[in-house]
Amino acid sequence: MAIFSRVVIPLKITLIIFTITLIFSPSVISSASTPKKFKKIYAFGDSYTDTGNTHSATGPSSFNYVSNPPYGNTFFHHPTNRYSDGRLVIDFVAESLSLPFLPPYQDPKADKTYGVNFAVAGSTAIRHRFFVKNNITLNVTPQSLQTQLTWFNRFLESKGCVNSTTTPQQCEALFSDALFWVGEIGANDYAYSFASTVSPNTIQRLATRSFTGFLQALLNKGAKYVLVQGLPPTGCLTLSMYLAPDTDRDDMGCVGSANKHSILHNSIIQAKLDSFRKQFPQAVIVYADYWNAYSTVVRNANKYGFKEVFKSCCGAGGGNLNFDVFSTCGSPSASSCPDPSQYINWDGVHLTEAMYKTMASMFLNGTYCKPPFSYLLAKKQ
């Protein structure tokens with residue numbers, strides 16, 4: 001940014017410059033550029049998308065303080081049970097579509113006129129009973145993607161939508177103007193099975209099968225506009241760096257083995273989406289490439305305004321990672337950095353509002369959706 005000294009710019013010119021900056025800045029998501037074509041959003045996923053279906057007592061292992069400060073401090077100025085210092089990608093999506101933030105399904109008092117968020121922090125693609133059967137005790141979250149589908153079905157029934165045959169009008173009202181946002185899910189499946197007797201290949205096979213089965217169920221019900229997020233490079237998360245040996249690194253400096261799992265997982269999902277596009281030609285199915293968007297920021301952190309790529313903003317222990325699995329963000333012994341916007345990682349696993357905003361901009365306004373998000377908007381009838 002240029003610094004002007006001893007120069008007085010007329011007010012009119014200043015306003016013009018400010019307006020141009022708002023329109024063309026890559027870090028700003030302008031709702032003016034995306035007409036209000038959707039009346040509601042239905043969101044699914046895990047803690048990267050959850051806007052309050054869990055709290056400290058029900059959250060995933062080691063992250064049991066989401067209801068405590070400093071969670072939420074940047075934007076909301078108080079905890080909202082979002083796993084970040086502020087807004088998530090789904091919040092920026094709602095803002096860009098001129099819709100209110102999505103309420104969590106678990107809040108019975110919330111106004112669900114403009115959509116519902118079914119995502120659950122700690123949720124897995126594979127059913128919870130699989131982890132119980134295999135004695136994988138890290139998974140303390142009983143809700144899986146199947147749970148979210150059950151909740152969605154209950155929501156539909158509460159609005160009078162049984163199916164498109166017996167209650168066509170009621171179902172049409174719930175589906176025709178709805179964006180289905182399927183946030184990333186599956187990372188927990190791999191994380192929970194770390195160092196267990198279950199192989200990553202087994203997790204991959206079961207997780208991708210469950211995920212694609214869930215997507216097919218939504219499409220069979222009548223979902224017309226669907227965006228599916230892939231997995232981010234999970235090997236770049238602070239927790240992965242903390243657990244893996246220093247010898248397990250890729251060319252980004254992240255945990256190579258974890259990133260390989262994410263890449264293959266995403267390739268399987270994308271191949272299935274291609275199949276779904278042929279099977280459901282009436283639907284618009286978009287893939288949001290979380291892996292490449294995130295890795296682009298890691299490789300060009302300064303360009304995107306980040307100074308810390310791997311170090312968590314909120315945590316304990318200092319050093320290169322500032323992470324201690326026994327003293328995670330929100331606990332009495334943890335503390336937050338003064339400026340989260342300079343950090344990619346918030347608490348060791350989840351991202352800062354600044355990073356979520358960057359991801360949202362790359363999905364909505366950039367080249368990291370296939371086909372582009374603008375194509376989905378243009379196809380909206």
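A 6.0 Å sphere centred on CD of Q169 holds no more than 12 heavy atoms belonging to other residues, nucleotides or ligands. Atom CG of N220 has more than 12 neighbouring heavy atoms from other residues, nucleotides or ligands inside a 6.0 Å radius. For R129, the CZ atom sits in a loose shell: 12 or fewer heavy atoms of surrounding residues, nucleotides or ligands are nearer than 6.0 Å.
Residues H265 and Y190 place their aromatic rings such that the two centres sit under 6.0 Å apart. A centroid separation of less than 6.0 Å is found between the aromatic rings of F38 and Y225. In this structure, Y290 has its ring center no closer than 6.0 Å to that of Y368. The ring of F180 has its center closer than 6.0 angstrom to the ring center of F175. The six-membered or imidazole ring of H350 lies near that of F63, with a centre-to-centre distance under 6.0 Å.
If you run side chain to side chain contact (heavy atoms under 4.5 Å, CB included) between W291 and each of N266, T296, L231, only N266 comes through. Between I126 and the choices I203, T208, T202, the side chain to side chain contact (heavy atoms under 4.5 Å, CB included) rule is met once, by I203. Only one option out of Y48, F75, F92 pairs with Y356 in a ring pair (Phe, Tyr, Trp, His ring centres under 6.0 Å); it is Y48.
Salt-bridge check for K37 with D177: failed, with every basic side-chain N at 4.0 Å or more from each acidic carboxylate O. Using a 4.0 Å cut-off between charged side-chain N and carboxylate O, E95 and K357 make no salt bridge.
Every residue meeting the ring pair (Phe, Tyr, Trp, His ring centres under 6.0 Å) condition with F118, not counting sequence neighbours, appears here in chain and number order: F44, Y105, F152. In this view, S312 and T238, N322, F323, N345 satisfy the side chain to side chain contact (heavy atoms under 4.5 Å, CB included) rule, not counting sequence neighbours.
A heavy-atom distance below 4.5 Å is found between the side chains of T124 and N188.
Judged by a 6.0 Å distance limit and a 45° cone about the ring axis, R87 is not positioned over the six-membered ring of F101.
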